[in-house]
Amino acid sequence: MTRKDPRTFLERALTAMKSSATSCEIRTDERRRIPDRTSPAGDPPSWTVRPYLRAREIRVGWSEGLLMDSDGTPCNGGLWHPDTEYNRLLLLSAIAEGQRLFGLTTHWLEERDA
């Protein structure tokens with residue numbers, strides 16, 4: 001998001017909420033509440049929707065014993081990468097190639113919170 005971004009704040013927020021690396025926090029506006037936790041008479045509740053980023057990582061996983069490290073020890077997954085659209089596309093193409101070479105159930109995409 002830059003100063004020259006022509007989108008409105010709402011458009012930017014909705015775009016961010018569609019991302020797989022984004023969560024939404026929805027809460028009532030506590031400043032408008034009176035001490036007994038209710039809204040003042042006649043005022044509808046005010047809500048704040050605030051997207052925030054969750055760091056996610058992805059990697060290619062494969063069947064046990066299929067590949068080995070350079071020292072000969074078996075490994076069952078690649079390096080973790082930030083979950084970006086570009087990285088996801090690259091890893092999905094690597095998975096497709098692995099499945100083509102070794103079989104359909106041999107490679108998959110793993111995800112985790114960073």
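Since this is a predicted model, take the numbers as computed values, not measurements.
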- [ ] Taking the side chain as every heavy atom from C-beta outward, state whether Glu57 and Asp83 have any pair of such atoms under 4.5 Å apart.
- [x] no
Open item on the list: Rounded at 0.5 Å granularity, tell me how far NE2 in His107 sits from CG in Leu101.
Closed with: 8.0 Å
Task: For Leu104, the rest of its hydrophobic cluster, which grows through side-chain links under 4.5 angstrom - done: none
Task: Trp108 side-chain N/O to Ile95 backbone N/O, donor-acceptor pair under 3.5 Å - done: no
Open item on the list: Give me the atom names and distance for the closest heavy-atom approach of Glu64 to Pro74.
Closed with: OE2-CB, 4.4 Å
- [ ] Give a yes or no on whether the backbone of Leu66 and the side-chain of Ser63 come within a donor-acceptor separation of less than 3.5 Å.
- [x] no
TODO: Show your reasoning for whether side chain to side chain contact (heavy atoms under 4.5 Å, CB included) applies to Trp80 and Glu110.
DONE: CA-CA 9 Å; Trp80 290 99; Glu110 295 180 349; 4.0 Å; yes
TODO: State, to 0.1 Å, how close Asn87 and His81 come at their nearest heavy-atom pair, and which atoms those are.
DONE: ND2-CB, 3.9 Å
Open item on the list: Do Leu90 and Val60 sit in one hydrophobic cluster, given that two such residues count as connected whenever their side-chain heavy atoms are within less than 4.5 Å of each other, even indirectly?
Closed with: no
- [ ] Report the residues that fulfil salt bridge (Lys or Arg N to Asp or Glu O under 4.0 Å) with Glu111, sequence neighbours left out, ordered by chain and then residue number.
- [x] Arg56, Arg88
Task: OG1 on Thr106 to CZ on Arg100, rounded to 0.5 Å - done: 11.5 Å
Open item on the list: Can you list, by chain and residue number, the hydrophobic cluster partners of Leu79 when the side-chain cut-off is 4.5 Å?
Closed with: none
